[in-house]
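Heads up: the structure comes next, in structure tokens.
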Amino acid sequence: MSVPDYMQCAEDHQTLLVVVQPIGIVPEESFFRIYKRISAVSQVNVRDSQRVLYIRYRHHYPPENNEWGDFQTHRKVVGLITITECSSAKEWPQTFEKFHLQKEMYGSTLYDSRLFVFGLQGEIAEQPRTDVAFYPSYDECETVEKRIEDFIESLFIVLESKRLDRATDKSGDKIPLLCVPFEKKDFVGLDTDSSLLLGLKRHYKKRCQGRMRKHVGDLCLQAGMLQDSLVHYHMAVELLRSVNDFLWLGAALEGLCSASVIYHYPGGTGGKVGPRRAQGGSLSAEAGNRHRPGAQEVLIDPGALTSNGINADTSAEIGRAKNCLSPEDIIEKYKEAISYYGKYKNAGVIELEACVKAVRVLAIQKRSMEASEFLQNAVYINLRQLSEEEKIQRYSILSELYECIGFHRKSAFFKRIAAMQCAAPSIPEPGWRACYKLLLETLPGYSLSLDPQDFSKGTHRGWAAVQMRLLHELVYASRRMGNPALCVRHLSFLLQTMLDFLSDQEKKDVTQSLESYTAKCPGTMEVITLPDGLKLPPVPFTKLPIVKSVKLLNLPTSLRPHKVKSLLGQNVSTKSPFIYSPIIAHSRGEERNKKIDFQWVQGDVCEVQLMVYNPMPFELRVENMGLLTTGVEFESLPAALSLPAESGLYPVTLVGVPQTTGQITVNGYHTSVFGVFSDCLLDHLPGVKTNGCTVEVIPALPRVQISTSLPRSAHTLQPSSGDEISTNVSVQLYNGETQQLIIKLENIGTEPLEKLEVTAKTVTKEKLYGDFLSWNLEDTLCQFPLKPGKIATFTVNIKVKLDFSCQENLLQDLSDDGISVSGLPLSSPFRQVVKPRVETKPLNPQESSKVGDFSHVKTLEAILNFKYSGGPGHAEGYYRNLALGLHVEVEPSVFFTRISTLPATSTRQCHLLLDVFNSTEHELTISARNNEDLILHAGECQRIAIQVDKFNFESFPESPADGAQLANAKQLEEERQQARGLEINSKLDICWKIISFHKYLL
């Protein structure tokens, strides 16, 4: 026997082999349609008996295997069913002749045969025949199953007659010697009747008896008489062991094992669905003790056997004696039988199939290590020169058996050998599709999955070197199949999952191969479905580059939206009555879904910062990198970047524009690397840190850009509130000078500018007199609403008025002149105005008498805040704030070095004497009300007398005397002094003018 049946299992020993074959030209689909119906009739109850017949169908069976039918009867073809098409009566004789020729192929072993004819109608089809069945078509053949049952009953009649004939004790008759094909030549010419060979005659007789007893055991097992078969097998073992007939002894032991397996495992060992029907008899009554170890081999007296089986009186004894082997003894007997088979070179197929049967039994017993020993022995069994197809089948079955016993990596090893055999050089047309399919089946054995998410969970599993080799083979097989999309998918998977195990040179080689494939077929994020239904998930390049953190950025300060305070309460959350709760579930998912405390604006460019690095040993070019979002329509603006080899953390900013309002969640980013498009989701990046990925998008607001008539300043103001100033301008002025600042407000957004509020805040320690900044907003608001692209002009007056005295104790030399107005003493109006300065008088008298630094430049700083809104955002109560920083350097102009008073000719007036010093480098004029202009050269000091009317301060509020109001005393005093100063200033009306510059103080 040269062709092994790798699907053999122990319970096949009780089956009758029936071959189903087509005759002539029969459509393959039609043939297998009928074959499926025929093979469904695999168990038949024998009439008037509790016995069950089991049938094994084959549509192809080598005739040389049929020659081993005497050795093991389940290998003998006992039934033949042929299927043919015949359309006319003229074709019938030729068709029937083909049927007889087909029977002659298995004629020596056939019990019965049937011919199913489809398509023939008429007189011939109406003739009643037992061996031929006529059907009009493949659809009109309802009685096929019934015909098969009748056919099986006819097989049973022949089988039973043969069993009775062989089982009957014929001590007077000569028992024939059953032989296997290669033994026949050894017994040619042997004279067993000679008296000179008396010892040989006894030996020969026992051999004949032992082999026949074993043969009868096979027949009993096929006839459904399990108890009788056990007895016959035991007898055969004793007889054959005594004459050292090892080949047949192994067959007897294997038959004993098969019968015991059928008894212990009624569900079968071949993985068939559904249990077999229980065997009738007393053995089934003791199913509770089936797995009792140590069952004894007790032989039954042959006299207890009758033509109908074991006597009823001894059946109970059989059940008690346990002729059936225990599960442990089954394996020991298998080992012994296989060792006997190994003695014969021509019994390699028998030995191989016995190993397979033993492994299936051990798999049920969950004895994996022992099963592996049997499989290892099967690997080294030498058979004839196998064809490539037979090698593939052999390695595939070995793989399946290793899988059954839990040796997954060993199973994958043989499956991979079978795959390589499909594309062997000796095959004229290599089967690359079969090779690829088998390679895919090896993946689980090597802890390899085609889902990249399985490699992001914990440590790497499996041998990386073997896994990379297997992935390379998948790529090669895909290329030979002519499927570049599969090549790209597997190479992408190799690069993504095995990046840490690739050498620098391997990284370069893989990327070069990938780029060559993607030039023809770019990698996508679509699922690839194979013809067998297997789906290959997409492979995003989350490691090219590696992202360490993702941070959503707030808008620039000038573009950040603010909520009107009166409307803030509308959005307060009412989910919990508690301000703080310590019971907070922290998880990665909740952290990423956490809402950020700032807002983005519809239509504005928004930014997300990624910290990335390049793990490759060469420059990595990333193209079409953008954001993946959900919740709001979002226009991503892709970016391209180039990362140096093995770079450190590198910031990358991705931008986009939300087109609608609502909640937007940044789920990840997309890239194009080496021609592979990837959608990388943050949930699949275990090491990424984030500040939250959900932000609110509010309705659109206008955008304003400021330009001024003043140059930009190098000085950057840092307000205490922490707000950033978008623009800083600077100007140099003389003390007392006034200049206009012209501001242009350009609407560079897409929404109209509808509302504008301007406020100013002075951030200086210098004491100012009068309004530093002043403006009139009405002229500007007349241009509103300001449409996109339009410009509005806004004018701000900058007027600097600092202290014109040159020293702190300037007024201390001026004493009371005794002049009284309305009965109140009056020293000087200016003394009243600057009286608070006395509190800061230096302690050192010498320092107080020194003259101040006339060239000292003072600095004034202010912030202009523009609060503006418009469009849908204005309707929702949002606005924007734009800040303009103003830096003013104030140079000294004139100083009053001495002040005194003289009485005038009129009692209602007095003369105010002022010593004026010109600290500038230019010639200027001093003028006052009702006085002529006084010219002062650079660095010159002159006295000016001004006649003024006396006036009373009773109209100004006095400082509070009540102690309860001391908290407001300082503020009230400052207001009082300010009012007096303005009154005096209005009466004097002192101005200076630099003639060459046309600079004025008004």
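Basis for what follows: all heavy atoms, side chains included, without hydrogens, waters or symmetry-related copies.
Environment of CG in Asn776: crowded, with over 12 heavy atoms of neighbouring residues, nucleotides or ligands closer than 6.0 Å.
Contacts of Leu777 classified as side-chain contact (heavy atoms from CB on, under 4.5 Å), with partners at least two apart in sequence or in another chain: Leu756, Val758, Trp775, Thr780, Leu781, Phe794. For Thr629, the side-chain contact (heavy atoms from CB on, under 4.5 Å) partners at least two apart in sequence or on another chain are Leu627, Phe634, Ile664, Val666. In this structure, Thr671 has no side chain to side chain donor-acceptor pair (under 3.5 Å) partners at least two apart in sequence or on a different chain. Not counting sequence neighbours, the partners of Ile748 by the side-chain contact (heavy atoms from CB on, under 4.5 Å) test are Arg703, Gln705, Glu746. Checked against side chain to side chain donor-acceptor pair (under 3.5 Å), Glu619 has the following partners two or more places apart in sequence or in another chain: Ser642. Residues satisfying the side chain to side chain donor-acceptor pair (under 3.5 Å) test with Thr859, not counting sequence neighbours, are none.
Annotation: side chain of Leu886 is not in contact with side chain of Leu864 (no heavy-atom distance under 4.5 Å). Between Asn747 and Lys790 the shortest side-chain heavy-atom distance does not fall below 4.5 Å. At least one side-chain heavy atom of Gln663 sits under 4.5 Å from a side-chain heavy atom of Glu696.
Side-chain contact check for Glu607 and Gln609: no donor-acceptor pair (N or O, by modelled atom type) lies under 3.5 Å. For the residue pair Ser893/Thr920, the side-chain donor-acceptor check at 3.5 Å is not satisfied.
When all heavy atoms are compared, the tightest approach of Val697 to Gln602 is CG1-N, 3.6 Å. Taking both residues in full, the closest heavy atoms of Cys941 and Phe917 are given as CB-CD1, 3.9 Å, listed atom of the first, atom of the second, then distance. For the pair Ile994 and Trp992, the tightest heavy-atom approach, listed with the atom from each and the gap, is CG1-CZ3, 3.5 Å.
In this structure, Lys563 forms a cation-pi arrangement with Tyr878, its terminal cationic atom sitting closer than 6.0 Å to the ring centre and no more than 45° off the ring axis.
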